[in-house]
Each structure stands twice: as C-alpha cells, then as structure tokens.
Amino acid sequence: MQFDERNSSALKLITCKQMDELRCIIFLLNPRQVGKSFLFFSGGVIFRKPGNLKPLRSTSTALTNKRSYSSEDREYLHKSIVPTMHYQKSLPRLPVPKLEDTIKRYLAAQRPLLDDDQFSTTEKLARDFENGVGKQIHEELVAQDKQNKHTSYISAPWFDMYLSARDSVVLNFNPFMSFNPDPKTEYNNQLVRATNMVASAVRFMKTLRAGLLEPEVFHLNPAKSDTDSFKKLIRWVPSSLSWYGAFMVNAYPLDMSQYFRLFNATRIPKQGKDELFTDPKGRHLLVMRGGNMYVFDVMDRDGNLVKPAEIQAHLKHILSDPTPAAAHPLGLLTSENRDTWARLREKLLATGNGEVLGLVDSALFCLCLDDESMNDHIHISHNMLHGDGTNRWYDKSFSIIMAKCGNAAINFEHSWGDGVAVLRFQNEVFKDSTENPLVNPGSQPAAVDSASAVRRLQFNLDAELENGVIKAKENFHTAVSKLTIDAMQFMKGGKEQLKKKKLSPDAIAQLAFQMGFLRQYGQTVATYESCSTAAFRHGRTETIRPATIHTQRCAQAFVQQPGKHSVEQLIGMLSKCSKYHGQLTKEAAMAQGFDRHLFAMKYLANSKGQALHSLYQDPAYAAINHNILSTSTLTSPAVNLGGFAPVVPDGFGVGYGVHDEWIGCNVSSYPERNVHEFLQCVHKSLEDIFSVLEGKPLS
C-alpha cells in the first residue's frame, strides 16, 4: 500500500503544532517505529513505507468486543474506554483513483467478457475517453472532492442512486441476514427471544448514542492494539490525530458515520427521489403482527430502558391480541413502485393519517412477529427476504423478524448504509441476548396494564387506498412468485485446507462460481463481489470483479479440457487465480477499483448536463454492469445465513460463506435461470478443485 499525495488514501495536512504532538504520540506508542515506519515529513504530509494491509470485507466484522456487564447497570452493552467516534475526524479520505489506473483496470475486467473485435472497439473508446473528455471530467471530480473534504466523492452520488431508484425495495434492494439460534434451546421461544433481542437492541442504541460503544477497528495485530493499555493511551490523543496513533500499531479504525441511521429512521417515498427521515426523540418500538401495527415505549421519559419484564408483558399482549389479521395491511404499500407508494402516502396524509405515520417513521425500529414456523433454510430465506408482504414495513432502516419458532433475522433497507454497520449491530445483539439475557423461559411478565401501554395503530382508508393495498398485494405476489432460492453445502473441504495450500478461500469460492456457470451455460459473464471501503471517511463499497482472464483460463481447463492438463499445471492455474483475486481484493479495499470512479464521473457529467462519452454508450459497458453473478460473502458467529435476490432478471444472487471445514451457498434466481442446476455445477467444480489439490487428476 504505497501512500502518495495523489491518492491521499492515508494522508492529511497537519499543523506544525500537531506535528510535534504526533512525534510524541508515535514515541509513546512504539519508540522503535520512530524513523522506521515513517520515512519523513514533507510539506505537512506523512509518508509511510508500503505496508502489508490485509483487505477488509464488508462482512468480516467479528465478535471481538469485550463486555463489562453488571446487573446494576442494564442500560449499556459495555462502556468503551475509547469514545465511539474518536477516530472519525482523522479517518483518511476516500481517494479518487488515477484515471489511467481506472481505464487499465476497466479493460482488464472487460477482456474475459469480450471477443477480440468487441474488445478492440471497447479499448479504443476507453483510450479516447482517457485522453479526451474523461481527463476533463476526472479533473472536475478531483476539484469537487477537494472542496468537500468533510465527505467522500462517492457518498452523495451513491445516496442519490439508491434514493432515485423507482423499483420496489423488496427483492431489488433489501437483503436479509438470519441469526443463529440461541445455543440454549429453551431461549428460542418467540416471546423470550423477542424480549431479549429488543432489550439488547435498545442497549446497543443507548451505548452508541452515549459514545460508549467500542469504535469499529480492524486489528492486524490485536496483541498490541486491542488492549486496555493502548486504549487508555489513545483516548487522550486528539481526535484529529487518533487515526495515526492506531495506524502505528497496525490497527485501522473504520467509518461509523452510517450508524446514527440505524435507529428512529425510515425511507420516505417521494415522487422522483425518496428521502431519509430520522427522529432520535422517538422512544417507542413498532411491532407488527398479522398485518396489524402496534407501538409502545421501550424507554421511559428519562431515556432509561423500560424493565424487560414490562417489554415481555407488552409483547405477550400483542401475541395474545384476538384482533383479526388486517383486511388491508398497509405494509404492502412499502413494497410498491416508489412513485406509486409516494402518491398513496400523500393520500394517507390527506385522509388524516399523519400522526400514525409519524409514529411508524420515528419508531426505534420494527419488530415483525410472524405466526408461522420455519421448516428449513429455504423457508427461512423466503420468509426473511420478502415474506408475504403483509407483516413488514420494508422502509424502516431495519426490522427484526421473529418467527413463531424463534428463528430470527434482520431485513434492512439499503440506501442509508451497508453491511458493516448492520452486521456490527447483529453481532452485538446476538452476543448480548444470548450471553446476558434479561428474561428467561421461567420469567413472568410484569403485572402492568399493557392494554393501556400498547397502542394498536388505526388508519383511515378510503376506497382509493384500499384498492391501492389490493393492487400492491397483486404486484407483490407476482414478483415474489418468480423467485427461487436453493442452498448448497460442500462438506469436503474449506478455509483450513485452502490456506494450507496457500490459496485464498474467497478466490477459490469465486472460481467455483465461474466454473459452475461455464459448466451450465458455456459462458463467462459479468460478476460482482461487494467490498467495503469503510476504512475511509464516508466510504461505501467498491466492486471486486472476480471474472478474470485467469479464472476464464482455469475454468476452461477444468470444465472443457479436463484431460489436457497435468495436476501440477492445474494447481498452477489455481495459484494464479488466487494471487490475482487477492490483488483485486486489496485494490478494492483501498478504493482502487474502477466501478465507483467511472460511476462518479458519469454522475458528474449528467449533473452538469454534459453529453455522455461513447464509453458509457458502449454495449460492453452496459454488459459489465449487467451483473449476472451478483455475489456477497458473509461469515459471523451471529449469522446463520444471508441472502438477496438477483440484481438482473437473468442473474443469480449468490450469498456464500467459506468456513473452516466446509463451504456454503444460498442462491436465488428468477425463471430465466436454473438455480438448482447451477448449485450442482458449483458443487462439482468444488469437488474437482479439491480433488486436484489432493493430487488426483481430473477424470
């Protein structure tokens, strides 16, 4: 990772006074590092030797935070020595890649997708863009970025992209992540688990807002950086310099700017472009059951957590409520086309529903109590990804879905943030609710007047609104009926075996998808893997492009020429795939991909009313952004499985995890693709790869 003034990925102008402070900090943290890691200071800029920074994925957060739990203090998960936002001010800015690097990476990603004539055309367009109008747009983007040092160049365009999309958030945007069961089986009772998760969620929120939540930090040497002694020192370092202190001990704080939108937040439909609403004053929880909506306070007027036994009593009251399922469940409207929903919301406001809608929007979060038990992973995936539409409010920043059997998941709206923030929340809630449960199976709900404390929301609906709900239900069922989900577990090897062979587990999983698709359809197609750029201030994600010339050659050798290559040659190909994928992953994690840069330049040109260059009109540009294989990896002690729908009608949505001894996939598709056959092909590909690694030739 070479830092220089142009990419500014870890550079910051600092004053002479701050320079002296920093020298002292460096010496205090590690005297041996003075003159070793920092080569010199020049013009107020810090230059460092190239480091070996391992990439951070959006799904790599682990359950590593220490707890200090006391029965006398049930308000907070823990009390961090270092303030939550201590590093935020000094986080490095998201670098704008060099234009020549972006074009080079773009063409490398296009090469396996195009024949020679197509590639020649695309290369000419790319070079013309690089040497012409692209240079001007790039310079304008860099200048604009310098004028907005409080944020990143991708933040505003990315928000705009999400909020301007008019498609339903269901299937198109909202993913899910299901919780592992509570290890103590008796705690998986719906009422008990819901109560404990609500209490833990409120405790997380209070810990976050009090600045007591452990900062999110990626530790490369936790023996030095994840210690009380380091934390006691770094908390006294000014926040404008604190990142550098962490950097000296190989720790990388992550952006936490999205966290405030976890709670009391909702996406509000508007014509043309939605808005994000947040009201931190709300003290109530939104609960849905049978399409009916309820609210009750989970914090008192002093901001303290309501007694868990009272929360349990209120949830028991809702679960026992004999009110029939809603005839016109309004949650279905949140699954509609955004302009349609915006029009119907305006109608709701005009018919006197403003106060109840305000309660929905400002609720801490939504708890969906389902009356159905889950049968298997496929059932869980369908229910947690979309359900039947009646018992969800898809616009809430997140919802905790709790099935009758105690299976639980988070479904979240994606415009406000990415997986890093949600997974941290999920990890903390799982750990706290399972290790420090505030109610148990023998707990008795408090003897309180839940009938008064719990309010069932009632809406005034005229014929137009009722018809809108009916139409939304039809549209919803038409959409979800086309979705197929299937899962696969490969049990003959995993992360440990691959690491022993010095192969990247993620690279091999991605190669298996390339082989699987080639085996099934005979093609190499546009493939997307999400990578977090949370190491930078207001970073979002970058794209890893796993379909490469190396994976193409390797897949063809395994699938189409199984007897042509020796075991040694095949292992050599696997190694090349692994090394190149590792390079792409590091580049993406350091915000040195090409996708976001090209997107931002296109967005800037559009905003200025400029005609788009032919590069953006090239069918190859459209094809590489038509991601037939959309993939995301997820491994966490809290998470059982995760999933999402394909991003294009003829695609696959591939959620996967490479575990120590096995590899799992949870894949979705629409009718244009056969997901069951695809997973069979992926499984066969993994069998071939692991057989070769054992020294066996392909048959």
### Message
Applying salt bridge (charged side-chain N to carboxylate O under 4.0 Å, His left out), can you list everything that pairs with Lys404, at least two apart in sequence or on another chain?
### Response
none

### Task
May I ask you to say whether Glu428 pairs ionically with Arg203, meaning some side-chain N is under 4.0 Å from a carboxylate O?
no

### Approximate separation, where rounding is to 0.5 Å, of Glu687 CD and Phe490 CZ
6.0 Å

#### Entry: Side chains of Gln583 and Glu587, donor plus acceptor under 3.5 Å
yes

### Task
Would you kindly say whether Glu413 and Ser415 are connected by a side-chain donor-acceptor distance under 3.5 Å?
yes

### Separation of Gln680 CD from Met488 CE (nearest 0.5 Å)
11.0 Å

### Query
Can Arg596 and Thr543 be counted as having a side-chain donor-acceptor contact under 3.5 angstrom?
yes

#### Entry: Listed partners of Phe173 passing ring pair (Phe, Tyr, Trp, His ring centres under 6.0 Å), at least two apart
Tyr162

### Message
Within the 3.5 Å criterion, strictly below it, is a donor on Ser257 or Asp255 matched to an acceptor on the partner's side chain?
### Response
yes

### Query
Can Thr631 and Gln510 be counted as having a side-chain donor-acceptor contact under 3.5 angstrom?
yes

### Query
So is Arg673 actually on top of Tyr521's ring, under 6.0 Å and inside 45° of the axis?
yes

For residues 375-386, which side-chain N or O atoms pair as donor and acceptor with protein atoms under 3.5 Å away, sequence neighbours left out?
| unit_1 | atom_1 | unit_2 | atom_2 | d |
| --- | --- | --- | --- | --- |
| Asn375 | ND2 | His379 | ND1 | 3.3 |
| Asp376 | OD1 | Ile378 | N | 3.1 |
| Asp376 | OD1 | His379 | N | 2.8 |
| His379 | ND1 | Asn375 | N | 3.0 |
| His379 | NE2 | Glu372 | OE2 | 3.1 |
| Ser381 | OG | His377 | O | 3.0 |
| Ser381 | OG | Asn666 | ND2 | 3.0 |
| His382 | ND1 | His386 | NE2 | 2.9 |
| Asn383 | ND2 | Asp370 | OD2 | 3.0 |
| His386 | ND1 | His382 | O | 3.3 |
| His386 | NE2 | His382 | O | 3.4 |

### Task
Return yes if some donor-acceptor pair links the side-chain N/O of Arg193 with the main-chain N/O of Tyr187 below 3.5 Å, else return no.
no

### Summary
Rounded to the nearest 0.5 Å, the CZ atom of Arg540 sits from the CG atom of Asp418 at a distance of 4.0 Å

